[in-house]
Structures are given as structure tokens and as C-alpha cells.
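All remarks here apply to the structure that follows.
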There are 2 protein chains.
Amino acid sequence: MSLPNILLGMLATPASGYDLKQRFENQERHYWSANLAQIYPTLKRMENDGLLESREEPSDKGPPRKVYRRTRAGIDALTQWLQRGPEVHSDRLSWLAQVGYLAHLPAKQQRDFMVKLHDEFVRHRRELEGLEAHWAAHDPRFPDALPDPELFAHFTLRLGLTKYATIVEWCEECLERLDRRDAKSAASG
Amino acid sequence: MSLPNILLGMLATPASGYDLKQRFENQERHYWSANLAQIYPTLKRMENDGLLESREEPSDKGPPRKVYRRTRAGIDALTQWLQRGPEVHSDRLSWLAQVGYLAHLPAKQQRDFMVKLHDEFVRHRRELEGLEAHWAAHDPRFPDALPDPELFAHFTLRLGLTKYATIVEWCEECLERLDRRDAKSAASG
DNA sequence: CTGAACATGTAATCCGTTACATGATTGG
DNA sequence: CCAATCATGTAACGGATTACATGTTCAG
């Protein structure tokens with residue numbers, strides 16, 4: 001039941017399904033994703049439920065855009081979602097499950113796996129660093145004078161950055177431990 | 001497609017569906033979860049596919065246990081999963097999406113929300129700290145002389161611990177920023 | 001003229017949760 | 001005797017992914 005609420009949150013300014021998809025791929029990518037085949041029917045259902053209203057707008061390029069806006073009922077539903085308190089579900093980190101079973105691979109492939117992970121998360125971290133740098137350069141209120149909605153958007157960005165930094169450091173520690181182990185086994189074997 | 005592979009990884013020693021569920025609720029809880037209604041049919045299907053074989057064993061209590069063991073084909077499938085490289089999907093952190101929209105709540109409720117989050121993750125962190133302390137107390141090889149499979153299990157535990165620690169610290173920073181904001185607005189308003 | 005980006009949708013399938021269904025054993 | 005724990009399953013539903021389907025505009 002999260003996607004409809006997240007869409008309500010994102011619709012602070014009116015937007016089309018296509019716009020929302022773009023935002024999932026940029027700003028919100030580190031904590032949620034959704035594809036168009038899920039977004040379009042969800043928006044339609046929310047309109048039927050009275051949470052949104054839409055109007056068609058001509059597009060410069062391609063077919064007309066269907067632009068959605070929150071209704072009063074939509075804003076109320078969003079507020080109630082927040083008032084119910086934090087929704088913490090168990091994470092599904094299949095890459096971490098994989099790390100737990102790396103003993104099934106030879107030492108070289110174990111190392112390769114951890115290096116790939118490391119590089120992948122460095123890439124993710126860099127993307128968010130780029131977002132933050134851009135924000136810092138273009139908004140004189142950044143970071144201590146940000147008004148309410150942007151303050152919270154910055155909170156989520158900070159979590160993304162520290163999360164990726166933590167994972168990258170952890171990968172480096174794991175690689176060091178693997179190297180120590182292999183140095184030891186080479187000496188004794 | 002992750003659950004079958006994770007079950008293969010967990011079945012280093014033979015176990016029943018019920019046993020595996022227990023393990024999801026203890027050791028593996030910080031990176032995966034599955035309930036019995038998903039585990040039982042998955043194990044059955046994997047047996048049909050030749051990845052597992054089972055035998056019935058009498059139980060002290062309740063109906064007979066169906067104990068599964070990996071076949072050679074199962075171990076091969078697990079190895080291939082690992083050789084395909086890390087499976088990194090986008091996280092689904094609905095609590096973080098909620099934080100992004102907290103501007104819809106009054107200041108007091110914003111703070112309450114962050115305090116609840118903080119306390120929740122402190123609890124998660126403490127559970128993993130308990131696991132690690134127990135391990136350290138009962139295994140003389142901990143942490144530098146752990147042999148291969150346990151070494152990687154420790155890697156996953158370390159990630160869980162630093163992940164929760166990072167989130168807790170982030171909650172505290174957010175609370176400080178909220179308090180500074182409210183001190184400022186009280187002075188000017 | 002071809003491919004990328006714009007723009008919307010449906011259908012089939014798969015994964016995960018909740019609810020339902022059954023029954024034995026042990027501790028309080 | 002009752003609740004908790006042990007133990008296995010099916011059915012219905014909802015959420016998410018992949019594949020299919022259509023059509024425009026602009027840059028190279």
C-alpha cells in the first residue's frame with residue numbers, strides 16, 4: 001500500500017505518470033522505484049477513489065499528457081499515512097545474501113564479487129553526491145536555511161549518501177580481511 | 001528468483017521448512033524474510049526441479065518433519081547464481097519516503113515520527129549486537145580465525161550492524177536539525 | 001531514415017502476504 | 001484445560017515485473 005501514498009507525496013506540484021517515472025529514476029531512486037506499467041494503472045485507480053484529479057494537456061512531442069493533481073481527500077490520505085507512524089519492513093538485499101554464501105566460489109571469484117559490489121555502490125554514491133553538489137550550488141538556503149518541504153527532502157538525500165558510504169567502507173574492510181586470509185593461507189600452504 | 005537460491009545457501013546442513021523459517025527470523029532477518037506459506041511451496045517446487053531431496057523424520061512434538069538436503073544440481077545452481085555477480089535491486093524503504101513528506105505534519109508530530117524511527121532501529125541494532133556478542137563469547141576463532149563459511153556470515157552481520165548504526169546516527173542528526181529549526185522559529189515568531 | 005525520447009496504456013506472469021485448515025505435544 | 005510451540009500445507013489476493021501494443025517528434 002505504499003506506492004499510492006508515495007505518489008501523493010510526490011504530487012506536491014501536478015505531474016503526469018511519465019514525469020513521476022523520471023523522478024523515480026533520479027531523486028527517489030535510492031529508496032523507491034516503480035515502472036510505468038505500475039504507475040499508470042495506480043494513478044487511474046487513485047483518480048477513481050477521489051484522491052487525484054486529472055486534466056489532459058497538449059505535449060510538444062508525442063501524445064497528450066495526462067496531468068494529475070492531489071485532491072483534498074488525497075492530501076488527507078497522505079497525512080493519515082504519516083500519522084500511522086514509520087512503516088519499517090524487513091529489507092530484501094539479495095546481494096548481501098549472496099555474500100553470505102561466497103564460500104562456494106574460489107578465492108579469486110570471491111574477491112571479484114566484492115570488487116564489483118564495491119564499484120557498483122561507489123557509482124550510486126557518486127550520483128547522490130552529484131545531486132547534493134548541484135543543490136548546494138544552486139540554492140543559497142542550502143543546507144541550514146532550507147524551508148520545510150526541502151529540509152525533509154535533504155534528510156532523505158543524507159540518508160542515501162551515508163548508506164552508500166557505509167556500504168563502500170564495508171566492502172573495503174571485507175576485501176582487506178580476504179587479503180589477510182589469503183596472505184596467511186599462502187604462507188602456511 | 002532470489003528465494004530459491006537463498007534457501008540453497010541456507011541448506012549447508014539439511015533442514016525442514018520450519019527450521020528455515022526460524023533462521024529467517026534470527027540470523028538472516030536483517031537482509032531477507034520469508035513466511036511459511038512461501039517457503040513450503042518453494043521447497044516442494046525445488047524438489048520437483050531436482051535441486052533438493054527430502055526425507056520424513058519423526059518429530060518429538062507435532063507431525064513428522066520433512067527434512068530437505070541439497071543435491072549436486074542444487075549446489076551447482078547456487079554456484080551459478082553467485083557467478084552471475086551481485087544482484088543489486090533498488091531498495092524499497094517506505095519509512096524513508098515518509099520522512100520525505102513529513103512537512104505535512106505539525107512540528108511535534110514530525111519529531112515523534114523521527115523518535116519512533118530512532119527507537120525502532122536502536123532495537124534492531126541491539127539484536128544484532130546480541131548475536132555478535134554471543135558469537136564472540138562462544139567461538140574462540142572469532143573474528144580473525146573464522147574459517148570460510150563463517151567468515152562470510154560474519155561479513156553479513158557486520159553490514160547489518162553498521163547499517164543500523166548509520167541509520168540511528170542519521171535519525172539523531174535529523175532530530176538536532178529539527179530542534180535548531182524550531183528554536184529559530186520560536187525566537188523569530 | 002533511423003533511433004532516442006516523449007507519452008499512454010493492457011495482459012500475463014511471478015512474487016509475497018494474509019487468511020484458512022489441520023493436528024500433536026508440552027508446560028502452566 | 002488452555003495456550004504456546006511444533007509442523008505442514010492450500011487458497012485468495014495484491015503488488016511488481018516483463019512483454020506486448022501504439023503513435024509522435026526531433027536530432028543526427
Side-chain angles (χ1 to χ4, degrees), chain A residues 1-8 14-26 28-29 31-49 51-68 81 87-94 97, chain B residues 1-8 11 14-26 28-29 31-49 52-68 81 87-94 97:
Chain A
M1 281 304 321
S2 300
L3 181 63
N5 288 307
I6 291 173
L7 293 173
L8 284 169
S16 70
Y18 193 87
D19 294 338
L20 292 164
K21 170 63 177 162
Q22 305 299 106
R23 286 189 35 199
F24 275 120
E25 282 176 4
N26 302 323
E28 345 274 330
R29 210 163 48 73
Y31 63 84
W32 203 270
S33 78
N35 54 40
L36 289 168
Q38 202 189 352
I39 293 171
Y40 288 132
T42 302
L43 290 171
K44 186 169 274 186
R45 186 162 46 77
M46 290 167 74
E47 188 173 22
N48 280 330
D49 295 348
L51 304 175
L52 300 177
E53 45 187 40
S54 70
R55 58 175 196 286
E56 292 234 327
E57 279 183 13
S59 168
D60 293 343
K61 226 173 118 165
R65 296 158 45 77
K66 204 162 171 181
V67 176
Y68 288 91
W81 179 52
E87 274 181 359
V88 180
H89 309 293
S90 125
D91 288 346
R92 291 262 159 70
L93 306 176
S94 34
Chain B
M1 282 306 319
S2 300
L3 181 63
N5 288 308
I6 291 173
L7 293 174
L8 285 169
L11 283 168
S16 70
Y18 194 87
D19 294 337
L20 293 163
K21 169 63 177 163
Q22 305 300 106
R23 287 188 36 197
F24 276 121
E25 283 176 4
N26 302 323
E28 345 274 330
R29 209 160 50 72
Y31 63 84
W32 203 270
S33 78
N35 54 42
L36 289 168
Q38 203 189 352
I39 293 171
Y40 288 132
T42 303
L43 290 171
K44 186 169 275 186
R45 184 162 46 77
M46 290 167 74
E47 188 173 21
N48 279 331
D49 295 348
L52 300 178
E53 45 187 40
S54 69
R55 59 175 194 286
E56 292 233 328
E57 279 184 12
S59 168
D60 292 344
K61 226 172 119 166
R65 297 159 45 78
K66 205 162 170 181
V67 177
Y68 288 91
W81 179 51
E87 274 182 357
V88 180
H89 309 294
S90 125
D91 288 346
R92 291 262 159 74
L93 305 176
S94 34

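Bear in mind that the values here come from a model prediction, so they are computed numbers and not experimental data. A note on names: the letters A, B, ... follow the listed sequences, proteins ahead of strands, and every chain is numbered from 1.
For the pair A/Arg45 and B/Gly17, both in contact range of DNA chain D, the more 5′-proximal nearest nucleotide belongs to B/Gly17. Nearer to the 5' terminus of DNA chain D, by closest-nucleotide assignment, is the contact made by B/Gly62 (compared with the other of B/Gly62 and A/Leu3). Mapping A/Asp60 and A/Pro41 onto DNA chain C via the closest heavy atom, the residue that lands nearer the 5' end is A/Asp60.
For B/Ser59, taking side-chain heavy atoms from C-beta onward, the closest of the listed nucleotides D/dC6, C/dT10, D/dT10 is D/dC6. Closest approach to the A/Lys61 side chain among C/dC15, D/dG9, C/dA5 is made by C/dA5 (side chain taken as heavy atoms from C-beta onward). Listed candidates were D/dC6, C/dG9, D/dT10. Nearest to the side chain of A/Lys66 is C/dG9. Among the nucleotides D/dT10, C/dT10, D/dG15, the one closest to the side chain of B/Lys44 is D/dT10. Across D/dT10, C/dA5, C/dT10, the shortest atom-to-atom separation from the side chain of A/Tyr18 is found for C/dA5.
When rounded to the nearest whole Å, the span between CG of B/Leu20 and C1' of D/dT8 equals 13 Å. In this structure, CG of B/Leu7 is placed 13 Å from C1' of C/dC15, rounded to the nearest angstrom. For the pair A/Asn35 CG and C/dT10 P, the interatomic distance rounds to 14 Å; values are reported in whole Å. Following rounding to the nearest Å, A/Leu43 (CG) and C/dT8 (P) show an atom-to-atom distance of 9 Å. As a whole-Å value, the separation of A/Glu56 CD from C/dT8 P is 9 Å. Following rounding to the nearest Å, A/Lys21 (NZ) and D/dT18 (P) show an atom-to-atom distance of 10 Å. Atom CG in A/Leu36 sits about 10 Å away from atom P in C/dG9, given to the nearest Å. What separates NE2 of B/His89 from C1' of D/dT18 is a distance of 14 Å, to the nearest Å.
Side chains of B/Asn5 and B/Ser2: a donor-acceptor N/O pair is absent below 3.5 angstrom, by distance only.
Ion pairing between A/Arg55 and A/Glu57 holds under the 4.0 Å rule for side-chain N and carboxylate O. Ion pairing of B/Arg92 with A/Asp91 is absent here, as no side-chain N (NZ or NE/NH1/NH2) approaches a carboxylate O to less than 4.0 Å. One finds no salt bridge joining A/Glu56 and A/Lys66 here, because no Lys/Arg side-chain nitrogen approaches an Asp/Glu carboxylate oxygen to under 4.0 Å.
Look at A/Tyr40 and you won't find any side-chain N or O under 4.0 angstrom from OP1 or OP2 of C/dG9. Under 4.0 angstrom from either OP1 or OP2 of C/dG9 there lies no side-chain N or O belonging to A/Arg65. Between A/Gln38 and D/dG15 there is no side-chain polar atom (N or O) within less than 4.0 angstrom of OP1 or OP2.
Between B/Leu43 and B/Glu47, every side-chain heavy-atom pair lies at or beyond the 4.5 Å cut-off.
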A/Leu8 and A/Trp81: CA distance, side-chain angles, deciding distance, side-chain contact (heavy atoms from CB on, under 4.5 Å) verdict
CA-CA 10 Å; A/Leu8 284 169; A/Trp81 179 52; over 6 Å; no
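Using a 4.0 Å heavy-atom cutoff across all strands shown, B/Ser16 reaches sugar-phosphate atoms only and no base atom. Within 4.0 Å of A/Ala34, counting heavy atoms only, lies no atom of the nucleic acid at all.
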